[in-house]
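Values reported hereafter were calculated over all heavy atoms of this structure, with side chains retained and with hydrogens, waters and symmetry mates removed. Lettering follows sequence order; numbering is per chain, from 1. Since the model is a prediction, treat every value here as computed from it, not as a measurement.
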Amino acid sequence: MVDPSAIGHSFTLTHARVESGRLRYFFNTLGETKPIYRDPAAAKAAGFAGTPIPPTYLFCLEMMDTDNPFEMLEALDIDLRRVLHGEQKFIYHAPVVVGDELTLQSTVTGVTQKKGGAMTLIDVTTRIVNQRGAHVADAIRVVVVRNQEIAS
Amino acid sequence: MTNPVATPAVGSLIVNKSFPRITRTTLALYAGASGDHNPMHIDIDFAKKAGFPDVFAQGMLVMAMLGQALTDVVRPDRLRSLSTRFVAITQLGAKIRCEGTVAELLEVDGEKRARLALTAKDEAGDVKLSGEAVVAL
């Protein structure tokens with residue numbers, strides 16, 4: 001069971017580039033048709049500094065560009081089958097646009113036992129900085145680990 | 001894009017969008033598009049070994065729907081925060097409706113903002129995601 005000694009554990013930095021081709025795949029999957037996302041000229045005409053990204057895409061960038069998407073689970077010895085996504089929060093400080101090169105640093109910021117130890121909630125905070133060193137966003141996820149026995 | 005939250009009234013419904021039924025194809029495409037390669041959502045054998053009857057939707061797929069519904073009415077550069085709790089598992093076949101109502105008007109650092117209460121529900125009305133967004137007016 002993960003305990004509070006994990007708090008402060010940081011994971012390998014992820015460098016991610018915001019690419020229009022990968023975004024198009026995301027938009028096609030979600031049925032997103034708004035021109036401001038799909039057409040740089042439309043974004044410019046609407047007064048955006050660049051082509052914006054959709055609100056949850058910062059989460060995707062870290063998973064796509066990390067060398068090991070399961071690093072956290074391995075580092076904390078968590079069985080993937082026991083994991084659920086409990087909560088997700090994004091705090092936006094400055095726009096992220098297509099072409100940006102982001103650096104994402106994730107750190108364990110909380111560990112809480114729930115239901116008499118049946119579940120462990122792990123808070124992971126990701127600080128996101130752009131190519132100019134601007135702190136553009138924070139992403140905070142709560143990972144739920146189900147500690148009860150599961151048939152295997 | 002218009003901005004209907006420019007002069008919102010507390011309690012008004014400003015986000016309201018339905019999405020197509022979630023299929024196995026949706027889950028497979030979202031796994032690739034999002035970089036979330038967790039087999040729980042794309043491999044029924046894995047889901048069964050984890051104690052679930054079948055694969056189920058990525059929570060972030062439904063949150064992406066919420067984000068889309070939200071930015072239909074709010075410019076993405078006006079969004080200050082977005083948060084959700086994944087209240088219940090979203091099953092295959094669910095048709096998600098995203099709704100957002102104005103919960104509060106506030107001012108932070110001289111900027112007028114609105115806090116929106118958000119939900120994503122399936123067609124039975126069961127809440128799958130519950131959350132909020134803060135947007136600059």
Side-chain angles (χ1 to χ4, degrees), chain A residues 16 22-37 42-43 46-49 52-57 59-66 69-70 79-97 137-138 140-142 144 146 148-152, chain B residues 1 17 19-20 25-41 46-52 56-89 129-136:
Chain A
R22 296 196 304 192
L23 270 165
R24 195 176 311 119
Y25 181 11
F26 185 89
F27 294 143
N28 289 348
T29 298
L30 270 298
E32 173 60 84
T33 57
K34 287 190 283 296
I36 56 150
Y37 287 131
F48 289 92
I53 64 167
T56 62
Y57 198 66
F59 185 90
C60 306
L61 286 167
E62 184 176 23
M63 299 190 85
M64 282 190 284
D65 283 331
T66 181
F70 302 113
D79 180 344
L80 177 60
R81 295 176 303 162
R82 298 179 178 278
V83 170
L84 292 171
H85 198 169
E87 297 177 31
Q88 181 66 42
K89 179 169 192 172
F90 299 96
I91 303 168
Y92 309 100
H93 306 300
V96 174
V97 298
D138 293 291
I140 301 109
R141 64 182 186 270
V142 179
V144 179
R146 302 178 297 142
Q148 73 274 28
E149 284 305 310
I150 47 178
S152 56
Chain B
M1 189 178 357
K17 185 172 194 174
F19 287 82
T25 302
T26 319
L27 304 189
L29 291 177
Y30 186 78
S34 69
D36 181 351
H37 297 168
N38 184 345
M40 190 81 90
H41 308 294
F46 185 93
K48 284 184 171 169
K49 279 182 195 156
F52 295 95
F56 53 91
Q58 297 93 348
M60 291 304 293
L61 165 65
V62 184
M63 193 175 185
M65 293 174 176
L66 210 44
Q68 182 183 135
L70 183 61
T71 58
D72 277 1
V73 296
V74 177
R75 288 171 59 105
D77 57 358
R78 306 301 283 170
L79 202 50
R80 298 294 175 256
S81 67
L82 172 64
S83 61
T84 57
R85 276 193 314 120
F86 300 100
V87 176
I89 281 172
L129 270 62
S130 167
E132 66 172 53
V134 173
V135 302

- request: Side chain from CB out, backbone as N, CA, C, O: work out which of these in Val83(A) comes under 4.5 Å of a heavy atom of chain B, or both, or neither.
  value: backbone
- prompt: Side chain, backbone, both or neither: which part of Pro52(A) has a heavy atom under 4.5 Å from chain B?
  reply: side chain
query: Which bit of Leu61(B) is near chain A, if near means a heavy-atom gap under 4.5 Å: side chain, backbone, both or neither?
result: both
- prompt: So which of Val97(A), Leu80(A), Asn28(A), Ile140(A) has the biggest tally of heavy-atom pairs under 4.5 Å with chain B?
  reply: Leu80(A)
- line: Heavy-atom closest pair (Thr56(A) atom, Met60(B) atom, distance to 0.1 Å) is CB-CE, 3.9 Å
Beyond-backbone contact of Arg81(A) with Phe52(B), side-chain heavy atoms, under 4.5 angstrom: no
message: Is it the case that the side chains of Tyr37(A) and Thr71(B) hold a donor-acceptor pair, with the cut-off being a distance below 3.5 Å and no angle test?
response: yes
field: Proximal component of Phe27(A), with respect to chain B [non-hydrogen, under 4.5 Å]
entry: neither
query: Who among Pro20(B), Ala64(B), Gly59(B) has the most heavy-atom pairs with chain A under 4.5 Å?
result: Ala64(B)
- prompt: Tell me, do Met65(B) and Leu30(A) make a side-chain contact under 4.5 Å, heavy atoms counted?
  reply: yes
- line: Of Phe46(B), Tyr30(B), Phe86(B), Phe19(B), the largest count of non-hydrogen pairs under 4.5 angstrom with chain A goes to Phe86(B)
- request: Find the distance between OG (Ser81(B)) and NZ (Lys89(A)) and round it off to the nearest 0.5 Å.
  value: 5.5 Å
message: Please identify, among Thr25(B), Thr84(B), Thr26(B), Val87(B), the residue contributing the most non-hydrogen atom pairs under 4.5 Å to chain A.
response: Thr84(B)
message: I want to check a possible cation-pi pair here: Arg75(B) against Phe48(A), using under 6.0 Å from ring centre and within 45° of the ring axis as the test.
response: yes
message: On a heavy-atom basis, which atom in Leu29(B) and which in Tyr25(A) lie closest, and how many Å separate them?
response: O-OH, 3.4 Å
field: Portion of Met40(B) that has a non-hydrogen atom of chain A nearer than 4.5 angstrom
entry: side chain
- prompt: Between Lys34(A) and Gln68(B), is there a donor-acceptor pair closer than 3.5 Å when you use the side chain of the first and the backbone of the second?
  reply: yes
statement: OG1 (Thr29(A)) and CG (Leu27(B)) are apart, to the nearest 0.5 Å, by 11.0 Å
message: For the CG atom of Asp36(B) and the NE2 atom of His85(A), what is their distance to the nearest 0.5 Å?
response: 9.0 Å
- request: With rounding to the nearest 0.5 Å, note down the distance linking CZ in Phe59(A) to OG in Ser34(B).
  value: 8.0 Å
statement: If you tally heavy-atom pairs under 4.5 Å between each of Ala137(A), Ala94(A), Gly86(A), Gly47(A) and chain B, the highest tally belongs to Gly86(A)
- prompt: What pair of heavy atoms forms the shortest contact from Ala33(B) to Phe26(A), and how long is it?
  reply: CB-CA, 3.7 Å
field: Heavy-atom pair of closest approach, residues Met63(B) and Phe90(A)
entry: CE-CE1, 3.7 Å
- request: Before giving the answer on side-chain contact (heavy atoms from CB on, under 4.5 Å), spell out for Tyr92(A) and Leu82(B) the whole-Å C-alpha distance, their side-chain angles and the decisive distance to 0.1 Å.
  value: CA-CA 8 Å; Tyr92(A) 309 100; Leu82(B) 172 64; 3.8 Å; yes
message: A side-chain contact here means heavy atoms from C-beta on lying under 4.5 Å apart; do Arg80(B) and His93(A) qualify?
response: no
